[in-house]
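Numbers here simply count residues along the sequence, with the first being 1. Computed from a predicted model, the values in this text were never measured in an experiment.
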Amino acid sequence: MTDDRTTVVVITHNRRDEVLRTLDRLERLPEAPPVIVTDNGSTDGTADAVARLHPRVRLLRPGRNLGAVGRNLAVRYVRTPYIAFCDDDSWWEPGSLSRAADLLDAHPRLAAVTARILVQPAGTVDPIVEELRDSPLPGPPWLPGPALGSILAAATCLRTDAFREVGGFSARMWLGGEEELFATDLIARGWWLAYVAELTCHHQPSPLRDPTLRRMHGIRNTLWFSWLRRPAPAALRRTLHVARTVPPDRVSLRAFGQAAAGLPWVLRERRVVPTEVEARLKLLERAQRHSTARRYVG
């Protein structure tokens, strides 16, 4: 059942045990996909362990933490039509990569398919799956599942050409909610994104994470995205909503400070989306206010 249509891209930083477990799982997949790992400047021996224990993996060592841009670096070396992202604490279910490639083969305007996520070790369905399944966005009848307004980088298979068309993930966003800008730029170019329940990705959250930093970046990136792509009234409304709903603590204050400091470049690079794309963003914004899924904002 080998399948040469998809390359798996993984970014990692100081999670040696987690990424080795992920690579063990990926190497056992029947599709036998090529795998590229970007080590984002780990200091715990991650890169050396990957090189020693997984010699077939293409290992990139930029020497610093690039955040989500580590994926962009890896995609430079991709020679397959599709890319499957996963994090160093997630992995794909056997058969899902082939099925995702079949769907992308069949639908030329479909840029990405996002999988159902099972949280390990209990195997429970991630709360965000309900939000994906019940997406309010309208879509063409040929879509293989509900239309989405964004992706989850840890559980999405994408068309390589579409990824390159929008330039990948923004270096400004670094990591934490970076998918929103990327996905919106895809949609603005006429691409479609879909949730497909028959695809499965597993996620075993690493205890080696900094939720404080991730929340700070998530708040900042939400504000930056709003002013980069949305009309001024919508961006202002979103900013006020975030200000009212995030915890009133030092992390939130620092996030707003970083967002304000970036205002000069945000205004220089501001490009408001077409009216029909903004209408979809409004639908998503309303739905997300009632979601129980864990978010970086709030």
Side-chain angles (χ1 to χ4, degrees), residues 1-11 22-23 25-38 54 56-60 66 68-88 90-117 132 139-170 178-179 181-202:
M1 189 184 165
T2 57
D3 191 325
D4 61 1
R5 292 175 290 175
T6 304
T7 298
V8 179
V9 166
V10 183
I11 57 174
T22 288
L23 294 177
R25 303 260 188 181
L26 294 176
E27 287 195 348
R28 292 200 295 267
L29 290 178
E31 294 97 331
V35 178
I36 302 176
V37 173
T38 299
H54 295 276
R56 289 183 293 175
V57 167
R58 182 159 199 164
L59 175 64
L60 307 178
L66 300 176
V69 175
R71 301 185 188 114
N72 299 2
L73 177 62
V75 173
R76 294 181 191 175
Y77 298 91
V78 169
R79 298 296 178 262
T80 55
Y82 309 128
I83 312 156
F85 289 127
C86 66
D87 286 344
D88 51 15
S90 67
W91 60 90
W92 286 84
E93 177 87 5
S96 284
L97 293 182
S98 285
R99 181 56 183 149
D102 290 342
L103 293 171
L104 293 169
D105 280 349
H107 304 296
R109 292 310 301 169
L110 182 62
V113 286
T114 295
R116 178 182 66 138
I117 302 171
L132 303 177
W142 54 261
L143 276 183
L148 298 181
S150 190
I151 67 166
L152 299 173
T156 296
C157 189
L158 300 104
R159 197 175 297 275
T160 306
D161 287 346
F163 182 91
R164 290 172 173 156
E165 181 180 324
V166 299
F169 295 102
S170 167
E178 73 281 358
E179 299 100 332
L181 178 62
F182 168 77
T184 298
D185 285 348
L186 281 172
I187 293 169
R189 286 167 170 77
W191 291 102
W192 288 93
L193 320 172
Y195 167 66
V196 180
E198 64 186 287
L199 308 177
T200 300
C201 198
H202 300 269

Looking at [X] and [Y], what are the two nearest heavy atoms and their distance?
X	Y	result
F169	N72	O-ND2, 2.8 Å
P144	H107	CD-CD2, 4.2 Å
W92	A84	NE1-CB, 3.9 Å
R189	R109	O-NH2, 3.4 Å
G145	A194	O-CB, 4.0 Å
L60	A74	CD1-CA, 3.6 Å

Which value, rounded to the nearest 0.5 Å, describes the distance between [X] atom [atom1] and [Y] atom [atom2]?
X	Y	atom1	atom2	result
R79	T7	CZ	OG1	9.5 Å
W192	L186	CH2	CG	12.5 Å
C86	L152	SG	CG	13.5 Å
W191	D185	CH2	CG	14.0 Å

Counting only N and O atoms by type, is there a donor-acceptor contact under 3.5 Å from the side chain of [X] to the main-chain atoms of [Y]?
X	Y	answer
S96	T200	yes
E179	S150	no
T160	T80	yes
E31	D4	no
T22	D88	yes

Residue from R116, H202, R25 passing side-chain hydrogen bond (donor to acceptor under 3.5 Å, both in side chains) with E93: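 Single side-chain hydrogen bond (donor to acceptor under 3.5 Å, both in side chains) partner of E93 among R116, H202, R25: H202.
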Check ion pair D87-R71 (N to O, under 4.0 angstrom):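 Yes, this pair counts.
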Test: D3 and R5 ion pair at under 4.0 Å: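 Counted as a salt bridge, because a side-chain N and a carboxylate O are separated by less than 4.0 Å.
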Residue pair L59, H54: steps toward the side chain to side chain contact (heavy atoms under 4.5 Å, CB included) verdict: CA-CA 9 Å; L59 175 64; H54 295 276; over 6 Å; no
[X] side chain near [Y] side chain, heavy-atom distance below 4.5 Å:
X	Y	value
L132	I117	no
R28	P94	no
V69	E178	no
T156	L193	no
L97	V8	yes

Option among L73, I83, V78 that satisfies the side chain to side chain contact (heavy atoms under 4.5 Å, CB included) test with I36: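 With I36 as partner, side chain to side chain contact (heavy atoms under 4.5 Å, CB included) holds for just one option, V78.
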Trace of the side chain to side chain contact (heavy atoms under 4.5 Å, CB included) decision for V10 with L26: CA-CA 11 Å; V10 183; L26 294 176; 4.1 Å; yes
Aromatic contact, Y82 with F163 (centres under 6.0 Å):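 No - the distance between ring centres of Y82 and F163 does not fall below the 6.0 Å cut-off.
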